[in-house]
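Below is one structure, written out as structure tokens; comments come after it.
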Amino acid sequence: PLDPLYGYMMHVDHHSLGFEPGNAQKIYSFNDGGIYVSPDSGANWYEKNTSLCTYQLYTVASALTDPDLVIAGPQDRPLSSTDLASGTNQWQLNQSFSDVYQTIIDYTNANVWYATSIFIHRAKTIDGGVNYTFINNGITETNMRINDPLIMHPTNPQILFTSSNLKIYKTVNGGSLWSPVSNTPDITMFAIDKINPNIVYAANEWTYTNTTSKVYRSTDGGTNWAQVNSPGNIITDIEPDPNVQGVLYATRSTYFAGQ
């Protein structure tokens, strides 16, 4: 049924249900959209998330030129933003596409945001979230992935890297056009060396046919890539050493027996 207040269906991805003691008709649903309640045995549902923090956030980004501006990429919800200077402590929903994985704010212009999503892949706004443009020009793959990665060059905000299920892509004009730079599949994370931004790292998390992550490195700004030694298991994050050029750290996890 539609939520009579907000006009849309109750959220999916349910985790648990609960009944109010002494009132068997009042049912609570706890799902990826937060908390919903039905007063009439499930005939109607109402969202009950006011003043509650129920989002699961994939990423958060702040603006270098406006430290009060923060945007976030939540699971199953639209990209959200808040201005801490307003004093309202309220998150605003900025667009209709949901499952926002990666979020970036241009460090030279707080009105320029980037986001990736399972449904639209890559999007950009130049007016602080009022209007969005999909920026997939040049990327030939159309697979739907939850975790399309995106990273911005630390000294040139027009340069970004992303990936598809088959290739690594680079743009030198803020996403207007992407060019393939490597036939490396399933990349889910990037990192750029803190000392030398010509050193770029990429790694994949896991696939059903690949139970050990691989790490790749470019030493010429993303033009050429080569596989380097991996710490094994499943890599969940990579981060360059802030003080030593060419040193990369990785966190590991496992989903498979024997790891």
Side-chain angles (χ1 to χ4, degrees), residues 55 57-74 77-139 147-164 168-181 187-202 218 220-223 237-240 242:
Y55 277 16
L57 300 181
Y58 288 121
T59 58
V60 175
S62 61
L64 183 63
T65 56
D66 182 4
D68 291 317
L69 174 64
V70 180
I71 64 174
R77 289 292 192 175
L79 185 146
S80 303
S81 66
T82 185
D83 188 345
L84 301 178
S86 67
T88 62
N89 295 322
Q90 295 292 317
W91 287 91
Q92 304 296 321
L93 305 184
N94 287 98
Q95 33 66 16
S96 58
F97 56 87
S98 61
D99 276 309
V100 177
Y101 180 69
Q102 189 60 257
T103 52
I104 295 176
I105 300 178
D106 188 326
Y107 47 81
T108 65
N109 186 343
N111 287 318
V112 178
W113 309 349
Y114 296 86
T116 65
S117 166
I118 184 175
F119 298 107
I120 53 85
H121 296 300
R122 299 151 200 90
K124 178 181 181 179
T125 175
I126 61 173
D127 53 17
V130 178
N131 299 286
Y132 285 85
T133 301
F134 299 151
I135 52 168
N136 299 304
N137 188 29
I139 299 177
N147 53 349
D148 283 331
L150 190 68
I151 193 170
M152 180 178 287
H153 192 279
T155 61
N156 185 347
Q158 293 297 303
I159 297 176
L160 297 98
F161 294 91
T162 190
S163 71
S164 68
I168 295 174
Y169 287 86
K170 178 181 179 179
T171 179
V172 295
N173 48 29
S176 296
L177 178 65
W178 297 91
S179 300
V181 292
I187 294 300
T188 55
M189 63 196 80
F190 290 101
I192 298 177
D193 193 89
K194 306 296 186 182
I195 310 298
N196 182 359
N198 282 322
I199 301 176
V200 186
Y201 299 96
S218 170
D220 54 9
T223 301
D237 197 14
I238 55 176
E239 183 68 24

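Computed from heavy atoms alone, side chains included, the values below leave out hydrogens, waters and symmetry copies.
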- Item | CA sep, side-chain torsions, deciding dist, call: Ile104, Leu150, side chain to side chain contact (heavy atoms under 4.5 Å, CB included) | CA-CA 8 Å; Ile104 295 176; Leu150 190 68; 3.9 Å; yes
- Message: Could you walk me through whether Ser164 and Tyr169 satisfy the side chain to side chain contact (heavy atoms under 4.5 Å, CB included) test, starting with their C-alpha distance in whole Å, then the side-chain angles of each, then the deciding distance to 0.1 Å, before giving a yes or no?
- Response: CA-CA 8 Å; Ser164 68; Tyr169 287 86; 3.8 Å; yes
- Message: side chain to side chain contact (heavy atoms under 4.5 Å, CB included) for Thr223 and Val181? Distances and angles first, verdict last.
- Response: CA-CA 6 Å; Thr223 301; Val181 292; over 6 Å; no
- Task: Mind running side chain to side chain contact (heavy atoms under 4.5 Å, CB included) on Ile105 and Ile71 for me, showing each step along the way?
- Result: CA-CA 8 Å; Ile105 300 178; Ile71 64 174; 3.6 Å; yes
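Looking at Asp99, its side chain never comes within 3.5 Å of a backbone N or O of Ile118 through a donor-acceptor pair. Under the 3.5 Å distance criterion, the side-chain polar atoms of Thr162 are matched with a main-chain donor or acceptor of Pro149. Looking at Lys170, its side chain does come within 3.5 Å of a backbone N or O of Gly221 through a donor-acceptor pair.
Ile126 CD1: 12 or fewer foreign heavy atoms inside a 6.0 Å radius.
Take Asn173 and apply the side chain to side chain donor-acceptor pair (under 3.5 Å) test, not counting sequence neighbours, and it matches Thr171. In this structure, the side chain to side chain donor-acceptor pair (under 3.5 Å) partners of Asp106, at least two apart in sequence or on a different chain, are Thr108. With sequence neighbours excluded, the residues that form a ring pair (Phe, Tyr, Trp, His ring centres under 6.0 Å) with Tyr58 are Tyr101.
A side-chain hydrogen bond (donor to acceptor under 3.5 Å, both in side chains) with Tyr114 holds for exactly one of Lys124, Arg122, Gln102; it is Lys124.
Side-chain atoms of His121 and Asn136 include no donor-acceptor pair closer than 3.5 Å. Judged purely by distance below 3.5 Å, without hydrogens or angles, the side chains of Asn131 and Thr133 never pair a donor atom with an acceptor atom.
At least one side-chain heavy atom of Ser80 sits under 4.5 Å from a side-chain heavy atom of Pro74. In this structure, Val100 and Thr116 have side chains that are not in contact, with every pair of non-hydrogen atoms separated by 4.5 Å or more. With a 4.5 Å cut-off on side-chain heavy atoms, Pro197 and Ile199 do not count as touching. The shortest side-chain heavy-atom distance between Asp193 and Val200 does not fall under the 4.5 Å cut-off. In this structure, the side chains of Asn111 and Asp127 stay at 4.5 Å or more apart for every pair of heavy atoms. Within the 4.5 Å cutoff, side-chain heavy atoms of Met152 are placed close to those of Pro157. Leu79 is listed as a side-chain neighbour of Trp113, based on a closest heavy-atom distance under 4.5 Å.
Expressed to the nearest 0.5 Å, how far CG of Asp148 lies from OG of Ser163 amounts to 6.0 Å. Atom CG in Leu69 sits 8.5 Å away from atom OG1 in Thr82 (nearest 0.5 Å). Ile139 CD1 to Trp178 CH2: the interatomic distance, rounded to the nearest 0.5 Å, is 6.0 Å. Atoms CG and NE2, on Leu160 and His153 in that order, are 10.0 Å from each other to the nearest 0.5 Å. Atoms CE and OH, on Met189 and Tyr201 in that order, are 15.0 Å from each other to the nearest 0.5 Å. Put simply, CG on Asn198 and OG on Ser218 are 8.0 Å apart, with the number rounded to the nearest 0.5 Å.
Across Tyr132 and Ala123, no two heavy atoms sit closer than the pair CD2-CB, 4.3 Å. Thr125 approaches Gly129 most closely through the heavy-atom pair OG1-N, 3.0 Å.
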